[in-house]
Every structure is written in C-alpha cells, then in structure tokens.
Protein chains: 2
Amino acid sequence: MQTKQPDITRDKVLEAAFCEIHRSGFQAASIANILASTGLTKGALYHHFPTKQALGLAVVDEVIHRRLDVRFFTPLRQSEQPLETLLGILENIADRAQELVTLGCPLNNLMQEMSPLDPAFKKRLGDVLHAWRESVEIALQLAQGQGDLRPDVDCADAALFIVSAWEGCIGIAKNLQSPEALSVCSRQLQAYIRSLRTT
Amino acid sequence: MQTKQPDITRDKVLEAAFCEIHRSGFQAASIANILASTGLTKGALYHHFPTKQALGLAVVDEVIHRRLDVRFFTPLRQSEQPLETLLGILENIADRAQELVTLGCPLNNLMQEMSPLDPAFKKRLGDVLHAWRESVEIALQLAQGQGDLRPDVDCADAALFIVSAWEGCIGIAKNLQSPEALSVCSRQLQAYIRSLRTT
DNA sequence: ACACATCCATACCGGTCGGTATCTAATACC
DNA sequence: GGTATTAGATACCGACCGGTATGGATGTGT
C-alpha cells in the first residue's frame, strides 16, 4: 500500500480533464472544476502538466485518440469484410446515441473550437483525424480489392467525406438533442456508402 | 447630421460581435474586444443589450439567420429547378472556401459550442437550422413533384442529412485548413444528391 | 540512516471577465 | 423653449481565471 501513486494521479487528472473539456469545451474548461472532481489540488496538476494547454494536448493524445482507436480504427483494420464492418459501426452507434447527442464527439468539438486558435491543437487533432481517415480509406481499398466497391471510387475522397459527414451528423443531432435524428442521418450515410458498391 | 444614431450604433455592435464570436466562439468572445473594434464603450453596449447572452442571441437572429437567408434559403425557395440550384450552391461555394475554411460556419460553430450549455441558444440556433432544413426539404419535394427525384426518397430525411453532411464537411475542412478538402467533400455530397435522382 | 528527488498541498498573485452605478449630453415632445 | 427621455461615456466592482512560490510529506538510492 502506497500513499503516492503518481501515474494513477496523472490518469485521474486526465480523465477528469477529458470530462470537463467534453462538457464545456477547452477554453471554458475550469482547472478548478477538474481538481474539484478529483479531490486533488493545483500542486498535483501542475506537477504533471506544465500548462493547461499541455493538459489539453495530453487529453487529445492519450484519451481521445485511444478511445477512437479501440472503437473504430482497430476494428476496421482487423476486419476481413471491411465494408460490412463500416456499415455495422454506423448502424450500431445507436447504442451510444444518447451520449453522443448530449455532448457530441469529443474530437469534433475540439477541432471546431481550437483548430483556428492554436496550431498545437490543430496538429494533434489533425493527427487523430488523419488516423481516422486512413483507417476508413484502407477499409475501402480492401473492399475495392475484393470487388465489393466500384473501381471508379476514389477511396481517399470517399473516406474524407464519410468521416466529415459522420461528424456533421453527430453535431446536428447534438443541437436537436435527438437520437432519432442521429439514426436518420446514419442511415442516409449508410445509403451513400451502399451507393458506392458494385451492383 | 446627427451625433447620436442609436440604430446605427446597435448595428455596429452587432456586426463587431458577430466577427468576434465567429473568431473566438461565444464564451471566449470578449466584450472589451468588441467595443475596441467599434470605438464604443460599455455604456453604449449595455444600453442596447442587457447581457452578453442577449447580444449573442441577437447575433444569431439578426446576423446569422439573415445571412443564410440571403445566400441559401431564398434562392432555394425561388428556384424553379431546385435540384440544380442546390447542386449549384454546393459547387459555387468554392468562392467562399477560404473564409469558410479559416473560421468555419458561424451557425455550426455556435451550435457545437452552445447548444449543450444554454437552452436559449439551443432554441434560437435550432430555429435557424429548422429554416435551413425546411428550405432544402421543400426544394427536394418540388424536384420530386417534377419527377427529377426518385419517388422513394424521404425528402425530410435527405434534407437533414444534406445539411448535416455539409456542416461536417466545413468543419473538417476547417481543421485541415484546406479549401481543396472542402471541394472534395462538396463533390462527394453532390454525388450523394445525384444518387437520389431518377435514372 | 541519511541525503535527495519526487509528489502534492496551501497560499497567493496579476489579469481579465461580465456587469453596474453614475453622470453628461443629445434628442424628442409639447 | 423648457422638459423628459434616450444615448452613450467613465469609473469601478466582485468573481474567477491560469499560474507560481513555497513548504512539507513520501518514497528512493546508498
């Protein structure tokens, strides 16, 4: 039994910061709130992170990126029927609809807020976005190789649009606070993807 | 020649507030910055608007809504070939690409930031969004009546998706700071719309 | 057991925020 | 032309912000 567990403390701060940022955005996220929800103090936070910006960037790299990795990137990469996997992810997202509709996608929230304001955020967020696009693009290419996707489809362009439209759908559903709107949008996006298939 | 022109003062504040909010978001928008860019003082601002929130809501109603009205809603309503008009709007948007890519869509920016935080914002922004969806939906219905659109297309669902995807495309292009990405996305969205046409 | 680095709590700082009270001056009204 | 109302300037307030300096407690290497 140890009274000091630095990495656990760091993780607690990261998790609390992620929640606070998810709720209020980065600029409006309050250090005091983050600390209050963890029971820690400023000494602990500023021992592990030099500035609020560094904390935010760590949230992007270590929380947001990892979550998307587990939920999207890895399943897509490991799939042998990538097109079905992609459609399945969009279909099954209704499970998380309430959470997504309430607060939106953490990645998109931060991109909209911070990309024009802070180059460091823009880069880190762009890296995550790139990983996402790439995983979708590779899935499409694989499907194309298997003959499931029309040969004239530009996989990179389609992947960019799928990710963009997906983020847009979550954003609009967030404003409407409507899980139903999200599933309507999701089905339209699935229709777009199916329109790329070989007939 | 008058030294006091209250409505002109009000418009100057509104315009400056719109720019500041467009640049920094609502919460990070500084009253002091708005006043500095107009040369006015707090006395003028708080004479016309009781709170910062009221100023923000007025920006939504009187600036953002009107701009979208001029650029999108009215052309769509007045068109006799609504599908072509819709596709044309998406195609010609490249003219404003630089501006959109730099700061994003004012409506979407505010929806992402404020809808979960402030019910008043959520309602006003929802009204603008509704007007947008409606104008697209009516255009699709008209096209369907003219036989240009497949009869099995649900115009309301398709309109929701078109608006959502469009906002998503602008948001992603903003992160990438790439007008090219916007036009790629725009073309994919046009392809989706064309896939709804009668063959 | 002693020195040293790590970890974290406390108290405090300057700056900025939105908002208000007060006062002057210009306009509209009769 | 006098009066009430509107328009706008100035000075100021408390609250909160991110960040820092300091000190004490805990673990670690020797």
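Computed from a prediction, not measured in an experiment: that's the story for all the values here. Chain letters run A, B, ... following the sequence lines, proteins first and then strands; every chain starts at 1.
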Counting only side-chain nitrogens and oxygens, does [X] get under 4.0 Å of the OP1 or OP2 atom of [N]?
X       : N      : value
B:Thr9  : D:dG8  : yes
B:Ser30 : C:dC17 : yes
A:His48 : C:dC8  : yes
B:His47 : D:dA7  : yes

What is the separation between atom [atom1] on [X] and atom [atom2] on [N], rounded to the nearest whole Å?
X       : N      : atom1 : atom2 : answer
B:Gln53 : C:dC17 : CD    : P     : 19 Å
B:Ile34 : C:dG18 : CD1   : P     : 8 Å
A:Leu35 : D:dC17 : CG    : P     : 11 Å
B:Leu45 : C:dT20 : CG    : P     : 12 Å
B:Gln27 : D:dC17 : CD    : C1'   : 14 Å

For the pair [X] and [Y], find out whether any cationic side-chain nitrogen is under 4.0 Å from an anionic carboxylate oxygen.
X        : Y        : value
A:Lys122 : A:Asp118 : no
B:Lys52  : B:Glu20  : no
A:Arg10  : A:Glu62  : yes

Inset, instruction - For A:Leu40, report the nucleic acid contact type (base, sugar-phosphate, nothing); a contact means any heavy atom under 4.0 Å. - result: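 Since only primed, P, OP1 and OP2 atoms lie under 4.0 Å of A:Leu40, the category is sugar-phosphate.
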Inset, instruction - Look at all strands and tell whether B:Ala29 reaches a base, only sugar-phosphate, or nothing, counting heavy atoms closer than 4.0 Å. - result: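 Here B:Ala29 touches the backbone only, sparing every base.
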Inset, instruction - Assess the pair A:Tyr192 and B:Phe161: is the distance between their ring centroids shorter than 6.0 Å? - result: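 When the ring centroids of A:Tyr192 and B:Phe161 are compared, they turn out to be at least 6.0 Å apart.
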Inset, instruction - Please evaluate the base of D:dG8 for a donor-acceptor partner in the side chain of B:Lys42 within a cut-off of under 3.5 Å? - result: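 Result: no qualifying N/O pair found.
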Legend entry - A:Lys52 (side chain) and D:dG19 (base): donor-acceptor pair under 3.5 Å: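 Checked by distance alone, the answer is no.
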Legend entry - Proximal nucleotide (of C:dC8, D:dG18, C:dT20) relative to the B:Tyr46 side chain: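 It is C:dT20.
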Inset, instruction - Could you tell me whether A:Gln146 atom CD has more than 12 heavy atoms of other residues or ligands within 6.0 Å of it? - result: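 Yes, because the 6.0 Å sphere around CD of A:Gln146 holds more than 12 heavy atoms from other groups.
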Inset, instruction - Return the 5'-most residue of the pair B:Ala44, A:Ile31 with respect to DNA chain D, ranking by each residue's nearest nucleotide. - result: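 Nearest nucleotide further toward 5': that of B:Ala44.
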